[in-house]
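The structure under discussion appears below in the form of structure tokens.
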Amino acid sequence: MSIRMIGLDLDGTALNGEGRFSPGVRKAIAEAGKLGAHVVIATGRPVCSLPDEIYGVSGLEYVITTNGARIIRLDREKHASDNWKDHTRELTIYENLISPEATIKAAAVLRAAGANAEVMTGGIAYIGRREYDLICSGAITTRSKRYVTATRTVKEDILAFLEEKAGEVESISINYTTDSELERVRAELRKLGGVTLTSSFPFNNELGGATTSKASALEFLMKSLGVSRDELMVCGDSPNDAAMLKEAGLAVAMGNATPDVIAFSDFVTLSNTEDGVALAIEKFVLKH
């Protein structure tokens, strides 16, 4: 098998326990790029939340963001590393957004449920004032205060903002504080039509467009670049990686992956804290 495209989830996969690309992973991606493999990050994060160092990872060509709603191509010839995120629109080569109708329906469900929500649009992540203040005060402990304050833009009424942006929304993230809240709101979200429902971490749900997924975004790139399914290797660890892992000719689960992800994968590598991505690239790409 000749691997010509590598799809890598970010958190829990390409990034180590400190949220960084380790020297080993950076080296493996660079070597794969030199051999002509198209290396793609596929993450649930919007552009604004991507680690700044992603721009400097040699060999990395594309980034699929917000679970497949947007693809950007890193153009290092046009933009400096300190301002490339300001050119999200220019760098975007693909969008798959939530329909206006589904957005309005989702806002109504979330308002009735009294749920917290974050809205991703234009590569920026917005959060409601209520949720933001509770995270900052320590009342909500299921979210990282440091991460939220560094990556979120506050809106006083997040659901009114969601309705205002209907037709432009990449993703809606719903974050829970208890198991009972999760089960109650998730049951209502499952009744919505015209959306996909997934999760990136415990106490979280993410709504995307009717056909939005990391898999559909990868399919777009594969078709554009003439890559077949058998030539695609994907590494992931979470439920929102399931679709793209099932799409791949070679599905690699991280050692820290959830049991369901491990169950349908072809190979289990080391964990993200042990350079599992580097091991997979070495084994299936560089040695071939």
Side-chain angles (χ1 to χ4, degrees), residues 10-11 19 43-51 65-70 85-86 88 95-209 212 238-240:
L10 200 57
D11 296 285
T43 179
R45 298 194 193 194
V47 173
C48 71
S49 301
L50 295 175
T65 69
T66 41
N67 290 321
R70 182 183 300 276
K85 290 182 183 179
D86 295 336
T88 296
E95 284 185 329
N96 190 347
L97 308 179
I98 306 175
S99 72
E101 297 79 12
T103 300
I104 297 300
K105 289 180 181 179
V109 168
L110 295 172
R111 183 176 287 108
N116 293 321
E118 296 177 12
V119 177
M120 286 64 171
T121 178
I124 301 173
Y126 297 88
I127 190 171
R129 169 63 66 184
R130 180 186 65 171
E131 184 179 9
Y132 183 84
D133 288 346
L134 289 172
I135 292 170
C136 291
S137 69
I140 291 180
T141 59
T142 53
R143 302 295 310 285
S144 165
K145 175 181 175 180
R146 181 179 180 181
Y147 176 74
V148 169
T149 55
T151 62
R152 268 39 180 176
T153 298
V154 178
K155 289 291 180 180
E156 295 300 324
D157 187 337
I158 192 65
L159 296 181
F161 176 74
L162 174 59
E163 292 169 330
E164 175 189 329
K165 290 294 182 179
E168 304 174 34
V169 177
E170 300 170 26
S171 174
I172 306 166
S173 180
I174 306 96
N175 303 301
Y176 311 104
T177 56
T178 65
D179 287 323
S180 60
E181 181 190 22
L182 183 152
E183 293 302 327
R184 175 176 59 84
V185 179
R186 181 179 288 173
E188 295 302 313
L189 294 175
R190 283 176 175 153
K191 298 175 184 177
L192 285 172
V195 296
T196 53
L197 179 65
T198 187
S199 176
S200 294
F201 53 87
F203 291 100
N204 160 266
N205 273 138
E206 292 166 6
L207 292 176
T212 304
S238 298
N240 68 332

Derivation of the salt bridge (Lys or Arg N to Asp or Glu O under 4.0 Å) call for D11 and R45: CA-CA 9 Å; D11 296 285; R45 298 194 193 194; 2.6 Å; yes
Verdict with supporting geometry, F203 and I174, side-chain contact (heavy atoms from CB on, under 4.5 Å): CA-CA 8 Å; F203 291 100; I174 306 96; over 6 Å; no
Test log, rule side-chain contact (heavy atoms from CB on, under 4.5 Å), inputs S173 and N204: CA-CA 7 Å; S173 180; N204 160 266; 3.1 Å; yes
Test side-chain contact (heavy atoms from CB on, under 4.5 Å) applied to M120 and V47, step by step: CA-CA 9 Å; M120 286 64 171; V47 173; over 6 Å; no
Y176 vs N205, side-chain hydrogen bond (donor to acceptor under 3.5 Å, both in side chains): CA-CA, chis, key distance, verdict: CA-CA 8 Å; Y176 311 104; N205 273 138; 2.9 Å; yes
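Expressed to the nearest 0.5 Å, how far CG of L110 lies from CG of L162 amounts to 7.0 Å. Note: N67 CG to T43 OG1 = 7.5 Å, rounded to the nearest 0.5 Å. Put simply, CZ on R152 and CD on E118 are 4.5 Å apart, with the number rounded to the nearest 0.5 Å. Taking CG of L189 as the reference point, atom CD of E206 lies at 12.0 Å (rounded to 0.5 Å). Between the OG1 atom of T65 and the CD atom of E95 there is a distance of 9.0 Å, given to the nearest 0.5 Å. Rounded to the nearest 0.5 angstrom, E164 CD and T103 OG1 are separated by 12.5 Å.
If you run side chain to side chain donor-acceptor pair (under 3.5 Å) between N116 and each of E181, R143, R130, only R130 comes through.
Judged by distance alone, with hydrogens and angles left aside, the side-chain atoms of E170 form no donor-acceptor pair with the main-chain N or O of P46 at under 3.5 Å. Proximity of a side-chain donor or acceptor of K85 to a complementary backbone N or O of L50 within less than 3.5 Å is detected.
The two residues I172 and A106 make their nearest non-hydrogen contact at CD1-CB, 4.0 Å. Nearest approach of A125 to C48, heavy atoms of both residues: N-SG, 3.2 Å. In terms of heavy-atom proximity, A117 sits nearest to L159 at CB-CD2, 4.3 Å. Heavy-atom minimum distance, G193 versus A102: O-CB, 4.0 Å. The shortest non-hydrogen separation linking G122 to T88 is O-CG2, 4.1 Å. In terms of heavy atoms, N96 sits closest to G68 at CB-O, 4.0 Å.
Put simply, the side chain of I158 does not reach to within 4.5 Å of the side chain of E131, judged on heavy atoms. Annotation: side chain of V109 is not in contact with side chain of K105 (no heavy-atom distance under 4.5 Å). With contacts defined as side-chain heavy-atom distances shorter than 4.5 Å, the pair Y126/V154 does not qualify. The shortest side-chain heavy-atom distance between I127 and T153 does not fall under the 4.5 Å cut-off. Annotation: side chain of T149 is in contact with side chain of Y132 (closest heavy-atom distance under 4.5 Å). With a 4.5 Å cut-off on side-chain heavy atoms, N175 and T142 do not count as touching. Contact annotation: the side chain of L97 never approaches that of V169 to less than 4.5 Å [non-hydrogen atoms, C-beta and beyond].
Looking at E163 and R111, a side-chain N of the basic residue comes within less than 4.0 Å of a carboxylate O on the acidic one, giving a salt bridge.
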